[in-house]
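Side chains are part of it too, since the values below use all heavy atoms of this structure and drop only hydrogens, waters and symmetry mates. Just follow the structure's listing: the first ligand is 1, and inside any ligand the first atom is 1.
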Amino acid sequence: MSSLRYRSTRSAEPLVSFREALLGGLAPDGGLYVPAAIPAVPESAWREAASFPDLAFNVLHRWLAGEVDAAALRALVADAFSFPVPVVPLEGAWEGVYVLELFHGPTLSFKDFGARTMARLMGHFLQAEDTSLTILVATSGDTGSAVADGFAGQDRIQVVLLYPKGQVSPVQERQLIVERPGVQALAVEGTFDDCQRMVKAAFVDEELAVLNLSSANSINIGRLLPQMLYYLWASRSVDAPPVVCVPSGNLGNLTGGVLAVLSGLPVHRFLAAHNANDFFPKYLRGEADAFQPSVRTLSNAMDVGAPSNFERLTVLLGEAGMRDRIEGERVTDEETLDSMRRVYEESGYVACPHTAVGLEAARRYRQRCGTAHPVLVLSTAHPAKFPETVGRALGAEPALPERLSRLWHRPTRVATLPPTAEALRERLLAHAGV
Ligand SMILES: *Cc1c(COP(=O)(O)O)cnc(C)c1O
């Protein structure tokens, strides 16, 4: 079988291998990698799978054939997806709404799917080539912990995390600083923007070329492929093509769903549920054509003013295709708290603030269009990651699951860094011993 090729969103040529797209991150012209052709995946690949890893293999081997052999891929997905992926039907007034819980991985958000798969695929290629690399990530939330956990202990890969000191929640900080093999956490005395600026400077710093720096944020195609899988998996739990509601920020999760549809999954419609950072809903209604500065909200993992995967959606669907298949909703913080309360009172379900944005978009859709189609809402994080907000909405904080409470018994390791590119360079070179 000849292997699938990838191109930049900004030019049809050159075509590169999956390996090159994965290890490169961004295309040399500044675009994002997209598949040059989409493999058709037959319904049996997801309907007849015996488990989530089995489904993952059936689908991904069609995308990676010729680059990752079948036995290695089987082992890789079994190791990456070692946690449950339940679909929970809601009750009462919410009958017909299904919550796809994507937060049962080690760091309790859907970012675990992408990070764990990407780490193992990178490790696979580096092993064969006898090279190593350093993943550098600026983080303010779920990506950092998923990447730290997903890449920890991978031979040949070092991870360096930068986060703004004192500006992440206690749970988030603990998830970033627990000691992990091959992972360095750096608390930067500055803002998230400082962290991002330092990372960007490091990528173009010639003195640091020896470290073979790479990134692991949602621009990487390696995160998108695994994000198709749970859409296929969840479709087995509903009896008609669903309306699929995705709490969105950078639109990476939604792009995974679009790839699933383009490879054969029947979906009635997508709902892109955004918080006050509502460029995309406005764009879909024809009311915006430029990105906006981001604003802070209670669903902070979705605080994105310039969604990076918008460029991918434009290439994959075209403008008309996007407006045809996707509807957008904007949900304010006040409405998010109301949604958490309403869903809890009416069905007993406790949702995190991001999921609550999705549930509110689903409720509005059903008011507008009726309940003929099942609605699948992606739940992107565990409510216990956001105890302050859940407490504010429901009057009681959610119980800490064991995976989280265990973190307080583990040793931590973190260094403090001034917010300058020079400080980061020194640190990286000293640590690499060059
Ligand atoms: C990252 C994240 C999102 C947004 O996902 P995108 O792929 O950036 O659209 C939503 N919810 C949670 C909890 C997240 O961590």
Side-chain angles (χ1 to χ4, degrees), residues 32 99-118 137-150 163 168-169 171-172 175-176 192 216-228 230-231 244-260 270-281 283 291 294 297-313 326 328-331 336 339-340 351-361 377-387 389-390 398:
L32 277 64
V99 180
L100 169 57
E101 292 187 346
L102 301 174
F103 55 70
H104 295 280
T107 70
L108 304 126
S109 87
F110 86 92
K111 301 285 197 306
D112 283 326
F113 286 85
R116 290 174 69 78
T117 309
M118 199 165 124
V137 207
T139 181
S140 61
D142 298 323
T143 291
S145 51
V147 166
D149 193 89
Y163 71 93
V168 302
S169 78
V171 172
Q172 284 174 326
Q175 286 190 310
L176 293 172
F192 175 63
N217 56 24
S218 74
I219 58 164
N220 198 301
I221 188 75
R223 256 170 73 165
L224 289 189
L225 298 193
Q227 288 174 188
M228 294 184 291
Y230 40 73
Y231 291 88
V244 179
C245 179
V246 188
S248 293
N250 257 323
L251 296 170
N253 207 358
L254 182 65
T255 305
V258 165
L259 288 176
F270 281 109
L271 301 179
H274 289 256
N275 59 28
N277 295 280
D278 66 341
F279 159 77
F280 194 53
Y283 168 85
F291 292 153
S294 66
T297 74
L298 293 174
S299 45
N300 63 2
M302 302 176 1
D303 293 350
V304 180
S308 51
N309 285 288
F310 178 68
E311 188 167 334
R312 274 202 178 101
L313 287 175
I326 311 170
E329 284 288 346
R330 168 190 206 263
V331 178
T336 303
S339 170
M340 293 168 80
C352 90
H354 309 80
T355 306
V357 168
L359 287 163
E360 173 59 12
V377 178
L378 272 56
S379 176
T380 50
H382 194 295
K385 282 190 98 164
F386 307 92
T389 309
V390 174

Quick one: look up the protein heavy atom nearest [atom] and list residue, atom name and how far away it is.
{"atom": "atom 4 (C) of ligand 1", "value": "Gly249 N, 3.6 Å"}
{"atom": "atom 5 (O) of ligand 1", "value": "Phe110 CZ, 3.4 Å"}
{"atom": "atom 7 (O) of ligand 1", "value": "Asn253 N, 2.9 Å"}
{"atom": "atom 1 (C) of ligand 1", "value": "Lys111 NZ, 1.3 Å"}
{"atom": "atom 10 (C) of ligand 1", "value": "Met302 CG, 3.5 Å"}

How about [X] and [Y]: does a side-chain donor come under 3.5 Å of a side-chain acceptor?
{"X": "Asp303", "Y": "Ser294", "value": "no"}
{"X": "Thr107", "Y": "Asp112", "value": "yes"}
{"X": "Asp278", "Y": "Tyr283", "value": "no"}

> Between Asn250 and ligand 1, does any nitrogen or oxygen pair lie at a separation below 3.5 Å?
Replying inline: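 N/O-N/O distance under 3.5 Å: yes.
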Atoms of ligand 1 close to [X] [distance to a heavy atom under 4.0 angstrom, numbered from 1]:
{"X": "Asp142", "value": "12 (C), 13 (C), 14 (C), 15 (O)"}
{"X": "Ala301", "value": "1 (C), 2 (C), 3 (C), 4 (C), 12 (C), 14 (C), 15 (O)"}
{"X": "Gly252", "value": "6 (P), 7 (O), 9 (O)"}
{"X": "Ala381", "value": "13 (C)"}

[X] side-chain N/O to [Y] backbone N/O, donor-acceptor pair under 3.5 Å:
{"X": "His354", "Y": "Ala301", "result": "yes"}
{"X": "Ser248", "Y": "Val246", "result": "yes"}
{"X": "Gln227", "Y": "Leu224", "result": "no"}
{"X": "Thr117", "Y": "Phe113", "result": "yes"}

>> Is the contact between Thr380 and ligand 1 made by the side chain, the backbone, both, or neither, using heavy atoms and a 4.0 Å cut-off?
In response: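 Contact part for Thr380 vs ligand 1: both backbone and side chain.
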>> One pair to check against side chain to side chain donor-acceptor pair (under 3.5 Å): Arg312 and Asn309. What are the steps and the verdict?
In response: CA-CA 5 Å; Arg312 274 202 178 101; Asn309 285 288; 2.6 Å; yes
